[in-house]
Amino acid sequence: MMTKYAFIATALVAFSGLGFEPSIVVAQTVNKPSNTATIPQTTVTTFQTPNYSVRVFRQGSQTRMNVFDRKTNKLQLNAAPVQVQNLDQQTSYTTSEGERLFRISVDGSGNKSVEINAPGQVIQESTN
């Protein structure tokens with residue numbers, strides 16, 4: 001963008017040297033809309049436990065999950081694709097990252113839980 005203004009300033013100096021009278025130039029920048037299409041998102045479930053905030057959502061035809069660690073203020077998963085499994089009035093959303101396995105479960109009564117399995121550590125928290 002700076003190159004464009006430098007060219008305009010150089011052109012004005014050159015024209016004034018040729019006997020043209022310099023005038024004020026007003027430059028305006030226009031933000032063009034992004035060419036990338038926004039894929040609509042629909043929240044499937046969202047909840048908080050004492051240590052985690054969870055959001056499961058659909059983005060297009062893919063179900064994804066965000067998991068935020070409230071104690072460390074770090075996003076553990078960001079739009080991670082999940083596998084969905086429905087068994088006996090309970091839906092589980094599962095994904096893995098590295099050596100960690102994340103499972104979000106929602107039952108027919110509205111109870112929700114987050115389970116994180118890592119080597120030597122299992123974390124399980126629920127809303128009820």
Side-chain angles (χ1 to χ4, degrees):
M1 197 58 140
M2 199 59 143
T3 311
K4 194 183 291 185
Y5 293 117
F7 176 74
I8 292 171
T10 304
L12 289 174
V13 170
F15 282 133
S16 65
L18 295 173
F20 291 100
E21 188 173 315
S23 59
I24 296 174
V25 175
V26 177
Q28 180 179 2
T29 60
V30 178
N31 291 330
K32 293 182 180 179
S34 173
N35 290 338
T36 58
T38 304
I39 299 172
Q41 295 181 0
T42 304
T43 299
V44 174
T45 188
T46 184
F47 64 94
Q48 290 187 358
T49 65
N51 296 309
Y52 294 94
S53 292
V54 174
R55 179 176 179 238
V56 177
F57 59 97
R58 284 192 192 89
Q59 188 173 38
S61 62
Q62 179 68 57
T63 303
R64 298 180 175 273
M65 165 186 343
N66 293 343
V67 176
F68 180 77
D69 187 329
R70 298 170 63 196
K71 287 175 90 173
T72 63
N73 284 332
K74 290 186 180 177
L75 194 59
Q76 300 293 315
L77 291 175
N78 184 19
V82 298
Q83 294 178 347
V84 181
Q85 186 175 21
N86 292 307
L87 290 173
D88 297 327
Q89 297 196 13
Q90 179 170 314
T91 304
S92 295
Y93 305 92
T94 308
T95 191
S96 61
E97 181 178 276
E99 295 184 343
R100 296 182 300 166
L101 176 74
F102 294 81
R103 178 176 290 117
I104 304 304
S105 298
V106 180
D107 69 19
S109 301
N111 298 315
K112 301 172 184 178
S113 67
V114 58
E115 181 181 334
I116 304 171
N117 290 303
Q121 180 183 32
V122 176
I123 300 168
Q124 190 165 5
E125 295 185 9
S126 63
T127 57
N128 294 32

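Note that this is a predicted model, so its numbers are computed, not measured. Throughout, numbering of the chain's residues begins at 1 and tracks the sequence.
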Asn78 and Asn66: CA distance, side-chain angles, deciding distance, side chain to side chain contact (heavy atoms under 4.5 Å, CB included) verdict: CA-CA 5 Å; Asn78 184 19; Asn66 293 343; 3.7 Å; yes

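When each of Asp107, Asn86, Thr45 is paired with Thr91, the side chain to side chain donor-acceptor pair (under 3.5 Å) condition holds for Asn86 and for no other.
Applying the salt bridge (charged side-chain N to carboxylate O under 4.0 Å, His left out) test to every pair with at least one member in residues 44-64, sequence neighbours left out, gives no pairs at all. Residue pairs meeting the salt bridge (charged side-chain N to carboxylate O under 4.0 Å, His left out) criterion with at least one partner in residues 81-102, sequence neighbours excluded, are Glu97-Arg100.
Between Ile104 atom CD1 and Met65 atom CE the span is 5.0 Å, to the nearest 0.5 Å. Rounded to the nearest 0.5 Å, atoms OG (Ser96) and CG (Asn117) are 11.0 Å apart. Atoms OG1 and NZ, from Thr46 and Lys112 in turn, are 7.5 Å apart once rounded to the nearest 0.5 Å. A distance of 9.0 Å separates CZ of Phe47 from OG of Ser126, quoted to the nearest 0.5 Å.
Applying the 4.5 Å side-chain rule to ILVMFWY residues, one finds Leu75 in the same cluster as Phe68.
A single hydrophobic cluster is not seen to contain both Phe102 and Phe57; linkage of ILVMFWY side chains at heavy-atom distances under 4.5 Å, directly or through other members, places them apart. Tyr93 and Leu101 sit in two unconnected hydrophobic clusters of ILVMFWY residues. Membership requires side-chain heavy atoms under 4.5 Å apart, directly or through other members.
With a 6.0 Å radius and a threshold of 12 heavy atoms from other residues, nucleotides or ligands, Gln83 has its CD atom at or below the threshold.
Across every non-hydrogen atom of Ser92 and Ser105, the tightest pair is OG-OG, 3.4 Å. Here the closest non-hydrogen pair linking Asp69 and Gln76 is CB-NE2, 3.6 Å.
A side-chain donor-acceptor contact under 3.5 Å links Arg70 to the backbone of Thr49.
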